[in-house]
Each structure stands twice: as structure tokens, then as C-alpha cells.
**Student:** 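A single structure is presented below for examination.
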Amino acid sequence: MFFRNVSIKVLVEIKSFCNITHVNTILQKQTRRYKFSCLWEEEKKDDGTKWKFLEHKGPVFAPDYEPLPENVKFYYDGKEMRLSQDAEEVAGFYARMLDHEYTTKSTFNNNFFNDWRKVMTQEETKIIKDLSKCNFKEMHAYFQSVSEKNRNRTKEEKAALKAKNEEIQKEYGFCIIDGHKEKIGNFRIEPPGLFRGRGEHPKMGMLKRRVMPEDVLINCSKDSNIPKPPPGHKWKEVKHDNTVTWLASWTENVQGQAKYVMLNPSSKLKGEKDWQKYETARKLHKCIDVIRENYKTDWKAKEMRVRQRAVALYFIDKLALRAGNEKDDDQADTVGCCSLRIEHIALHKEKDGKEYVVVFDFLGKDSIRYYNEVPVEKRVFKNLELFMENKKDSDDLFDRLNTQTLNEHLKDLMPGLTAKVFRTYNASITLQRQLDELTDASASIPEKILAYNRANRAVAVLCNHQRAVPKGHSKSMEALKEKIQAKRDQVDEAEEDLREATKAAKRGSVKEKLACDKKKKALERLREQLKKLELQETDRDENKTIALGTSKLNYLDPRISVAWCKKHGVPIEKIYNKTQRDKFRWAIDMAGPEYIF
DNA sequence: CGTCAAACTTAGTATGCTCCGC
DNA sequence: GCGGAGCATACTAAGTTTGACG
């Protein structure tokens, strides 16, 4: 807080004699900080407007389809067949995925074949009636050879390509919003292809149509340079809605959902929103005890609706479960807290020596499995038994509860409180507590970084952030183990060397003494290297199925990390990479050396 | 009140790139 | 220089929340 106030004061002075848009780089950075702080300290205008001026060049469209070379053939029922351009393009989407697991699934194949036939000519549909008679192998091989060629591009080709991309980025990748140039997050329209849902998605394999300018809505200021559609085309509509933050949008055909072009997380607009999110979490910290008392009392409520709400909230708080909205059956069957079904939990009066254990086993967001054995209070256990009475496996556990009513209740407990705030809050406070517990102030920097990663990992475990085991993990572990052994041998050798040298130095001249010193240093260096390797081993193995990135990016208040770095003399670059530093610039600029909770 | 969809955040994976040991 | 592991980035699917509508 101290730092922040000083900076603001100083910056107000700077601002008083500077034109913000024309100061030099250093001042610009300072000015931005000023503007951030200022906007956040002031009551923001509460009229829902997100900007006053917005100008951009519109999105970048996917490149046109390039027909296959003549010699790449498609065969149906053993016979060569020339496909129409549209049919060929869609066939190509499938051919690319031939060695992917998707193409072994009947849902994927049926959906693809169905949609493929829709783009065929009438003659083609008359012939192509059975996917299993289609031979895409030449097409597949062709695409493989193309990507192989791309991989083997010369340095010059690569540089040229990079330059071209940068050109596009420069032109389309930025917008002007309220006098500032800001990076756009996704300025490229999604190219056509086959829909790849996660988990058992009923729509997997469906054709994702090519998006045309005629599908695209543009949002910008009336008085800005309105983006031009590609030659010969028109936008669907140009609007000037300053209550939203998107620059362009279109409706995707598979699920009928809107897609948006929005700003990069480094932008002020997104940064402010992020900051607000963590401020709400801090507010929750101030009343969490009351809220916990409150839901514990409600475990005894007369109304079943209230009891269910109280138990659900307990899970959300204790286990960091997601809210769990209802889903349609044209999506993968996944659940969160409110949508848990009887089949997703099992009750054990006693399990592995613990009393009142609830076993959770369900698929959550992205069809990631959540498995957890949790001892709970007796009262919670009894309530769950009650909720499960006379129900089928496929019935809702909380049949009197949904996310809307839960969030309405939360809003009454604290303004701005919703179910997901608990996830943010518990993640951030876990980080802070773990950092305090795991960091040894006298440890080396690599050891401190290991401590940070462990704290980060505790949060990832809490939030159930998982990833596939990296390909070749066990192999790379073995290699690392070998390296460690080799280093150990080196250390032993160096120790022996030093012993000899010490002996020589005792009776020897200046020259021998110097040699001895050198050996000492060499040994030190080797020991350092060994330690580093050993730390790396622990870190990597503990990490194999846990994804740290998601929590770091979305759940951990960056001010905690920044404060920890300052307190322990760890350079911020050791914790955050470039992208992350850009996103968290507001915290890096503002945070003092003290924690936030 | 329930339903729907708009708008925005959160999520894992594919791909590209860098850096390290050989 | 070379190859490959691992990191960074791009991509886009899948969530949450809110507010309009009937």
C-alpha cells in the first residue's frame, strides 16, 4: 500500500505537466501505472460502458482452400475418384486426422460422414455411401509430407514467414481503445475443420464451416476508421456498442454459440477485470468465517432446499468444486457441484480408518476426472444419506438446487459473491499459506523456486488441474537419473582431487596453494550443479500429471507471487515468463513486499 | 419462474520455438 | 551444427454469470 500511494502521488505530478500519449517510454510505463491506479481507486462510472473510443482493422480470415495436386488421389471402393472442391476440402480435414484416436470412434465417423455428404455434389452422394469404403491414405500421406516440408524449411524461409506474420500482427493484432494501443487476443477467425469436442461429445466430427465476412459482426466507435471487409464482401453488421468489450463476433455452426474477438490479457480492460476478481476474493476473506458458520447452521435447516444449498456450498468451499450448471444432452456429460448425481458419490461410514467418508468420482469440465475421498462432518454425511433416499443413480443429488438460486443466496451474503469466487479465494490463500510454510528464508534461489512450484502445485491439486503425462516422461526421467549419477561420480572425484591438492598445498609453495583453491572452487561448482539436478528431478516427477499453468494464470492473485519474490530476493522472471509478466503488469508495478490476505 | 443466449473467464492440447547437451 | 526435451504460445472448447424474455 505504501508503495502504491507514493507512486500515485509522484505520478499525479508527472501527469500534471506531461501529455500522456507523447512521453518517453519510461514515463509511459509510469503513466500507465498511474492510469491503472487512478481508475481503480476512483469510483468507476457505473453506467456499464467499457470504452469511449474503439478502432481496429477487423479480423483476419482463414486462407482460401488450396486444391490438392493432381497426383494425390482419393479412392472409393478401390476406384480412383476425383472429388469436387468442397468435398475434397472436407475429406482433407478427415484425412489429416487419420492416425488420431478420434477416427476410431463411431460418433466421430458418423457425424463426419453425415456432414461430408452435405457438401458433396449430387453425383458424389450417389457413389459415396459408406465411409469404410473411402481410402484417404494418399491424401493423408500428402499432408504428412507437407508438414514434414514445413518443418524442414530453411532459416531464410522461416525468417520470411515470421516477418510476414509480424506484418499481419502489426496491422491486425492491435486496436486503439480510449487513446491507448492494445494487443488483441484472437484476431484470426477460426479456420474450417472438424469439430473436436472433449470427452464423449455427441457432436465430435461435425463440420465446422468456413466463416465469411458476411457472418461477422464488427463492433467499434462510430467516429473511428471502420474496418473494411475483404474485397467483394460485406460485414454482416457494424455496431457501436460500448457496453461490451468485443471487437468482432460470429456464430459458430456446430453448437450455435457466439465467438468473439477480444483483447489480450495484457490490456488495461482485462487487467482491471482481473484485479477486480481478486479484490472480490479479498472481500470474501473478510467474511468467510461468518459464511462458514452460516452454512453449517443451515445443515440443520427445516427446508430441504436450504439444507441442500448448505451442503453444496460446503463442497464448493472445501473442495473448490465448480458451480455446475445444467447441460443439454447434445454436449458431453460432465458435472459440477449443483449438477452432481447420485452415481457420482459413494458414502462410507468408515473407510481406511476414517469416519464418514464421501468418495467423489465424476467427470468435470473438459471431461477431466475428479476423484477424491473426503472425510466429512457427521451432519453432512447424514444429510447426504437423506438427499440420496429413494433416488436412482441417474437422479440429481441436489434436486432442489441450481446455480442461479445458489448465486442469488451468495449475493445476499456478500455483494459480488458467486460460486466461483470461492475457487479463486481458496486457491490464492492456499498459495499464500503454502509459500509461508515451504519457503526457507536462508535457502538458495533454486530451492526457493522449488518451494514456489510446490505451493503452486498444492493449488493445482486443489483445483484438479490435470494434464496428460508428457510423451516420453519416463524416458526423460531415466536420462536425468543417469545424469545425476554421473554428477555424483564427478563430485566424488573432485573431493579426492581436493584431498590430494590440500596435502600438496600444506607443504608446497604458492603455486600449490593456488591449485588447491582452484580445486576447492571446482568442487563447490559441481556440488551446486548436483543439487540443481536433484531439485529438477523432484520437481519434474511431482509435476507429471499436474498442470500448474491454469492456476497460475487464472486463480493465484499475482500480488502474492510478486510480494514473495520481493521478500525473498527471487527475480520475477523466475516465476513469470514474458506473457505472464505482461498479463500481471498491474501487480508487478503495484505490489509491495507484503502479502495481501 | 424457467429458458435462452450474450458475454466473458477458464481449460487442456497442439504446435512452434528455444535452448541445452552432444 | 544437430536433435530432442520442454517451454511458450496459439488455439478453441467448455465453463460461469447475468439479464432479457415470455
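From a predicted model like this one, the values you see are computed outputs, not experimental measurements. Letters A, B, ... mirror the listed sequences (proteins, then strands); counts begin at 1.
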**Student:** What does A:Gly364 touch in the nucleic acid at a heavy-atom separation under 4.0 angstrom: a base, only the sugar-phosphate, or nothing?
**Tutor:**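 Here A:Gly364 touches the backbone only, sparing every base.
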**Student:** To the nearest angstrom, how far is A:Lys158 atom NZ from B:dC17 atom P?
**Tutor:**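 For the pair A:Lys158 NZ and B:dC17 P, the rounded distance is 7 Å.
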**Student:** Tell me what A:Gln331 touches on the nucleic acid: a base, only sugar-phosphate, or nothing, going by heavy atoms under 4.0 Å.
**Tutor:**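 No contact.
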**Student:** Roughly, in whole Å, what's the span from NZ in A:Lys583 to P in C:dA8?
**Tutor:**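 Checked: the NZ to P distance equals 15 Å.
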**Student:** I would like to know whether A:His465 and A:Tyr555 meet side chain to side chain contact (heavy atoms under 4.5 Å, CB included); could you show each step before the answer?
**Tutor:** CA-CA 11 Å; A:His465 290 142; A:Tyr555 288 101; 3.6 Å; yes
**Student:** From the list C:dT16, B:dC8, C:dA13, which nucleotide is the closest neighbour of the side chain of A:Lys420?
**Tutor:**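 Closest of the options to the side chain of A:Lys420: C:dT16.
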**Student:** Less than 4.0 angstrom between a side-chain N/O of A:Asn186 and OP1 or OP2 of C:dC11, yes or no?
**Tutor:**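 No, outside the criterion.
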**Student:** Mind checking if A:Thr334 touches a base, just sugar-phosphate, or nothing, with heavy atoms under 4.0 Å?
**Tutor:**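 Sugar-phosphate: the residue A:Thr334, judged by heavy atoms under 4.0 Å, touches backbone atoms but no base.
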**Student:** Side-chain donor-acceptor pair under 3.5 Å between A:Tyr452 and A:Ser561, yes or no?
**Tutor:**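 Yes.
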**Student:** Go through C:dA14, B:dT10, B:dT13 for me and flag the one nearest to the A:Tyr555 side chain.
**Tutor:**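 So the nucleotide nearest the side chain must be B:dT10.
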**Student:** Within the 4.0 Å heavy-atom criterion, would you say A:Ala332 contacts the bases, only the backbone, or no part of the nucleic acid?
**Tutor:**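 The answer is nothing, as A:Ala332 stays clear of every strand by at least 4.0 Å.
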**Student:** Does A:Lys208 put a side-chain nitrogen or oxygen below 4.0 Å from OP1 or OP2 of C:dA13?
**Tutor:**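 It does, given that an N or O in the side chain of A:Lys208 lies less than 4.0 Å from OP1 or OP2 of C:dA13.
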**Student:** From the list C:dT17, C:dT12, C:dT18, which nucleotide is the closest neighbour of the side chain of A:Gln404?
**Tutor:**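 Among C:dT17, C:dT12, C:dT18, the one nearest the side chain of A:Gln404 is C:dT18.
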**Student:** For the aromatic rings, using the six-membered ring if either is Trp, is the centroid distance between A:Phe195 and A:His201 under 6.0 Å?
**Tutor:**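 Yes; A:His201 has its ring centre under 6.0 Å from that of A:Phe195.
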**Student:** Using a cut-off of 4.0 Å on non-hydrogen atoms, how would the nucleic acid contact of A:Arg151 be classed: base, sugar-phosphate, or nothing?
**Tutor:**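 Here A:Arg151 touches no strand at all.
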**Student:** Given B:dC8, B:dT18, B:dA14, which nucleotide is nearest the side-chain atoms of A:Arg196?
**Tutor:**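 Nearest listed nucleotide: B:dA14.
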**Student:** Taking donor-acceptor contacts at under 3.5 Å, does the side chain of A:Lys365 reach the base of B:dT10?
**Tutor:**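 By the distance-only test, yes, there is a pair.
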**Student:** Ignoring the backbone of A:Val244, work out which of B:dT9, B:dC8, B:dA11 is nearest its side chain.
**Tutor:**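 Side chain of A:Val244 sits closest to B:dC8.
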**Student:** Give the rounded distance in Å between these two atoms: CG of A:Leu410 and C1' of C:dT17.
**Tutor:**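 After rounding, the reported distance stands at 12 Å.
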**Student:** Rounded to whole Å, how long is the line connecting atom CG of A:Leu194 with atom P of C:dA13?
**Tutor:**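 The distance from CG of A:Leu194 to P of C:dA13 comes to 11 Å, rounded to the nearest Å.
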**Student:** Within the 4.0 Å heavy-atom criterion, would you say A:Gly256 contacts the bases, only the backbone, or no part of the nucleic acid?
**Tutor:**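 Answer is nothing: A:Gly256 stays at 4.0 Å or more from every strand.
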**Student:** Pair A:Tyr370, A:Leu363 - check side chain to side chain contact (heavy atoms under 4.5 Å, CB included), show working.
**Tutor:** CA-CA 6 Å; A:Tyr370 183 93; A:Leu363 297 183; over 6 Å; no
**Student:** Side chain of A:Asn577, heavy atoms from C-beta onward: which of C:dT16, B:dT9, C:dA8 has the nearest atom to it?
**Tutor:**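 From the listed options, C:dA8 comes nearest.
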**Student:** For a quick check of understanding: with a heavy-atom distance under 4.0 Å over all strands, which category does A:Asn325 fall into, base, sugar-phosphate or nothing?
**Tutor:**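 Answer is base: heavy atoms of A:Asn325 come under 4.0 Å of a base.
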**Student:** May I ask you to say what A:Thr245 touches in the nucleic acid, namely base, sugar-phosphate or nothing, with a heavy-atom cut-off under 4.0 Å?
**Tutor:**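 Result for A:Thr245 = sugar-phosphate.
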**Student:** If you find the nucleotide of DNA chain C closest to A:Cys337 and the one closest to A:Gln580, which residue's nucleotide is nearer the 5' end?
**Tutor:**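 Whichever sits nearer the 5' end wins; that is A:Gln580.
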**Student:** Taking 4.0 Å as the cut-off, does a side-chain nitrogen or oxygen of A:His201 come that near to OP1 or OP2 on C:dA13?
**Tutor:**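 It does not, given that no N or O in the side chain of A:His201 lies less than 4.0 Å from OP1 or OP2 of C:dA13.
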**Student:** What does A:Ile368 touch in the nucleic acid at a heavy-atom separation under 4.0 angstrom: a base, only the sugar-phosphate, or nothing?
**Tutor:**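 Sugar-phosphate contact only - A:Ile368 comes under 4.0 Å of backbone atoms but never of a base.
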**Student:** Within the 3.5 Å criterion, strictly below it, is a donor on A:Tyr94 or A:Asn109 matched to an acceptor on the partner's side chain?
**Tutor:**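 There is such a pair (donor and acceptor under 3.5 Å, judged by atom type) between the side chains of A:Tyr94 and A:Asn109.
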**Student:** Any idea which of C:dA14, C:dT17, C:dT12 is nearest the A:Phe195 side chain?
**Tutor:**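 For the A:Phe195 side chain, the nearest candidate turns out to be C:dA14.
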**Student:** Does A:Lys270 place a side-chain N or O at less than 4.0 Å from the phosphate oxygens OP1/OP2 of B:dC8?
**Tutor:**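 It does not, given that no N or O in the side chain of A:Lys270 lies less than 4.0 Å from OP1 or OP2 of B:dC8.
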**Student:** Quick one: on DNA chain C, does A:Lys183 or A:Arg322 contact a more 5' nucleotide (nearest heavy atom)?
**Tutor:**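 Final value for this comparison: A:Lys183.
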**Student:** Looking at A:His285 versus A:Tyr425, is the centre-to-centre ring distance below 6.0 Å?
**Tutor:**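 Ring-ring flag for A:His285/A:Tyr425: true, centres closer than 6.0 Å.
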**Student:** Looking only at the side chain of A:Tyr260 (C-beta and beyond, no hydrogens), which of the listed nucleotides C:dT12, C:dT17, B:dC8 gets closest?
**Tutor:**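 Of all the options, the side chain of A:Tyr260 is nearest to B:dC8.
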**Student:** On DNA chain B, check which nucleotide each of A:Gln257 and A:Thr550 is closest to and give me the residue with the more 5' one.
**Tutor:**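 Upstream on the strand: A:Gln257.
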**Student:** Can you tell me the distance, in whole Å, between the CG atom of A:Asp328 and the P atom of C:dG15?
**Tutor:**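 Atom CG in A:Asp328 sits about 12 Å away from atom P in C:dG15.
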**Student:** Rounded off to whole Å, could you give me the CZ-to-P distance for the A:Arg188 and B:dA14 pair?
**Tutor:**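 Nearest whole value for this atom pair: 20 Å.
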**Student:** Ignoring backbone atoms, test whether A:Arg467 places a side-chain nitrogen or oxygen under 4.0 Å from the OP1 or OP2 oxygen of B:dA14.
**Tutor:**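 False: A:Arg467 side-chain N/O out of range (4.0 Å or more) of B:dA14 OP1/OP2.
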**Student:** Does A:Lys259 make a side-chain N or O approach to OP1 or OP2 of C:dA13 shorter than 4.0 Å?
**Tutor:**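 Yes, because at least one side-chain N or O of A:Lys259 sits under 4.0 Å from OP1 or OP2 of C:dA13.
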**Student:** Where the side chain of A:Glu190 is defined as all heavy atoms beyond and including C-beta, which of C:dT17, B:dC8, C:dA13 is the nearest nucleotide?
**Tutor:**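 Closest nucleotide among those given: C:dA13.
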**Student:** In whole angstrom, give the distance that lies between atom CD of A:Glu148 and atom P of B:dT15.
**Tutor:**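 Between P of B:dT15 and CD of A:Glu148: 14 Å.
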**Student:** Hey, does A:Pro265 reach any base, or is it just sugar-phosphate, or nothing, if we go heavy atoms under 4.0 Å?
**Tutor:**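 No contact at all - A:Pro265 keeps every heavy atom at 4.0 Å or more from the nucleic acid.
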**Student:** Is the ring centre of A:Phe136 less than 6.0 Å from the ring centre of A:Trp116?
**Tutor:**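 Yes, ring centres under 6.0 Å apart.
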**Student:** Under the criterion side-chain hydrogen bond (donor to acceptor under 3.5 Å, both in side chains), I'd like the reasoning laid out for A:Thr405 against A:Asn402: C-alpha separation, chi angles, the key distance, then a yes or no.
**Tutor:** CA-CA 6 Å; A:Thr405 56; A:Asn402 60 42; 3.2 Å; yes
**Student:** Given atom CG of A:Asp366 and atom P of C:dT16, what is their separation to the nearest angstrom?
**Tutor:**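 Value for this atom pair: 11 Å.
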**Student:** What contact category does A:Gly197 fall into here, base, sugar-phosphate, or nothing, at under 4.0 angstrom with non-hydrogen atoms?
**Tutor:**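 If one applies the 4.0 Å heavy-atom cut-off, A:Gly197 turns out to touch the sugar-phosphate alone, with no base involved.
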**Student:** Considering heavy-atom distances to DNA chain B, does A:Asn464 or A:Thr251 have its closest nucleotide positioned more toward the 5' end?
**Tutor:**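 Checking each residue's closest nucleotide, the 5'-ward one belongs to A:Thr251.
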